[in-house]
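Quick note: residue numbers are just sequence positions, from 1.
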Amino acid sequence: MSTTQEHPARRGQRYNRIIMAVFAVGIVSFFAGMLLDQTLAGLVVYAVACLGGIAALLYLQFASSVQLTDEREQRLNERASGATIMIAAYIGLPVVIGLYLLDNLGYYTIPPVVWGGIYAYSALFLLWGVVYTVVRYNA
C-alpha cells in the first residue's frame, strides 16, 4: 500500500474552494431569508458563514504553511483586480463629474444617498492609492 503525497498547492486550492463555498452558502442564505421573509435568520447564517470564512482565510494565510494559490492564480488575481479597479475608474469618474456638473448647474440635486455613494467611491480609490504606495515602496 503506497501513500502518495498531495502537492501543497492542491491542498491549498481545495481549502480555498471550500471557503468560497462557505461564503456562497452565506450569501444564498441571506437572499433566501429575504425571500422567505426571514431576514434575521438569513442574516445570522450570512454573518456566521462570512466571519467563519474570513477567520479560516486569515488562519491559512498567516498562521499555516498551506499555500492557497500558485503563481498562475496570483497573476490572474492581480490582473482581475487591476481590471476591476480600472473599470470602476473609467465608468465611475465620469458619472461623478457629471453629477457635480448637473448639481452646480441646477439641473439635478444630489440626494444624500448618492453623496454616500460618492464618498464610498472616493474612499475606495484613496484606499487603493495608499495600498499601492505601500506595496510599491516595500517592493
Side-chain angles (χ1 to χ4, degrees):
M1 181 153 120
S2 67
T3 58
T4 17
Q5 288 289 338
E6 183 179 34
H7 191 276
R10 293 235 187 257
R11 186 174 50 170
Q13 290 169 352
R14 183 171 15 101
Y15 290 154
N16 203 16
R17 281 192 300 271
I18 291 169
I19 292 170
M20 293 306 131
V22 168
F23 283 127
V25 165
I27 292 166
V28 168
S29 298
F30 180 63
F31 286 118
M34 288 192 305
L35 287 172
L36 298 172
D37 203 25
Q38 297 292 322
T39 306
L40 181 60
L43 181 60
V44 168
V45 174
Y46 173 71
V48 169
C50 288
L51 291 175
I54 290 169
L57 279 174
L58 288 173
Y59 171 76
L60 290 171
Q61 185 75 30
F62 297 110
S64 171
S65 63
V66 173
Q67 181 181 354
L68 290 175
T69 59
D70 60 4
E71 294 83 16
R72 183 180 72 65
E73 288 183 36
Q74 288 173 344
R75 298 300 169 261
L76 286 171
N77 188 2
E78 291 167 2
R79 286 178 53 202
S81 298
T84 302
I85 288 294
M86 294 312 293
I87 289 169
Y90 288 142
I91 292 173
L93 192 57
V95 168
V96 170
I97 292 169
L99 287 172
Y100 282 149
L101 285 173
L102 290 172
D103 188 44
N104 283 315
L105 293 173
Y107 292 115
Y108 178 74
T109 302
I110 300 175
V113 76
V114 175
W115 276 114
I118 291 171
Y119 293 143
Y121 179 80
S122 300
L124 170 69
F125 282 96
L126 286 173
L127 176 63
W128 182 85
V130 168
V131 170
Y132 179 84
T133 303
V134 168
V135 168
R136 181 180 175 112
Y137 285 111
N138 285 334

Checklist entry - Considering only heavy atoms from C-beta outward, does the side chain of Ile54 approach that of Ile19 to under 4.5 Å? => result no
Checklist entry - Do any N or O atoms from the side chain of Tyr15 and from the backbone of Ala56 form a donor-acceptor pair under 3.5 angstrom? => result no
Next on the checklist: Within the structure provided, determine whether Leu57 and Met20 are in side-chain contact (heavy-atom separation under 4.5 Å).
Outcome noted: yes
Checklist outcome for this item: Closest non-hydrogen contact found for Tyr121 with Val96 is CD2-CG2, 4.1 Å
Checklist entry - Is Leu93 reachable from Ile118 through a run of I, L, V, M, F, W or Y residues, each pair having side-chain heavy atoms under 4.5 Å apart? => result yes
Item to check | Single-linkage hydrophobic cluster, 4.5 Å side-chain cutoff, Leu102 and Val95 together | outcome: yes
Checklist entry - Checking ring pair (Phe, Tyr, Trp, His ring centres under 6.0 Å) for the pair Trp115/Tyr100: CA distance, chi angles, key distance, verdict? => result CA-CA 10 Å; Trp115 276 114; Tyr100 282 149; 5.7 Å; yes
Checklist outcome for this item: So CD1 of Ile85 and CG of Leu124: to nearest 0.5 Å the spacing works out to 4.5 Å
Checklist entry - Are Ile91 and Phe125 connected, step by step, through hydrophobic side chains (Ile, Leu, Val, Met, Phe, Trp, Tyr) whose heavy atoms are closer than 4.5 Å? => result no
Next on the checklist: Within the structure provided, determine whether Asn77 and Glu73 are in side-chain contact (heavy-atom separation under 4.5 Å).
Outcome noted: no
Next on the checklist: Using 0.5 Å steps for rounding, measure from the CH2 atom of Trp128 to the OG1 atom of Thr84.
Outcome noted: 12.5 Å
Checklist entry - Can Phe30 be reached from Ile27 by stepping across I, L, V, M, F, W or Y side chains whose heavy atoms are under 4.5 Å apart? => result yes
Checklist entry - Once you round to the nearest 0.5 Å, how far does CD1 of Ile110 lie from CG of Leu99? => result 5.0 Å
Checklist entry - Considering residues, nucleotides and ligands other than Glu71, do more than 12 of their heavy atoms fall under 6.0 Å from its CD? => result no
Checklist outcome for this item: Correct closest heavy-atom pair for Ala89 and Pro94 would be O-CD, 3.8 Å
Checklist entry - Got a sec: does the CG of Asn104 have more than 12 other heavy atoms crowding it under 6.0 Å? => result yes
Next on the checklist: For Phe31, is there any backbone N or O sitting under 3.5 Å from a side-chain donor or acceptor partner on Tyr46?
Outcome noted: no
Next on the checklist: I want to check something: taking the side chain as every heavy atom from C-beta on, are Val114 and Tyr108 in contact at a cut-off of under 4.5 Å?
Outcome noted: yes
Next on the checklist: With heavy-atom distances below 4.5 Å as the criterion, would you say the side chains of Leu101 and Tyr107 are in contact?
Outcome noted: no
Item to check | Rounded distance (nearest 0.5 Å) linking atom CG of Asn138 with atom OG1 of Thr133 | outcome: 10.5 Å
Checklist entry - So if you build clusters from Ile, Leu, Val, Met, Phe, Trp, Tyr with side-chain heavy-atom gaps below 4.5 Å, do Ile97 and Tyr90 land together? => result no
Item to check | Heavy-atom neighbours of Tyr59 OH exceed 12 at 6.0 Å | outcome: no
Checklist entry - How many angstroms lie between CG in Leu58 and OG in Ser64, if you round to the nearest 0.5 Å? => result 12.5 Å
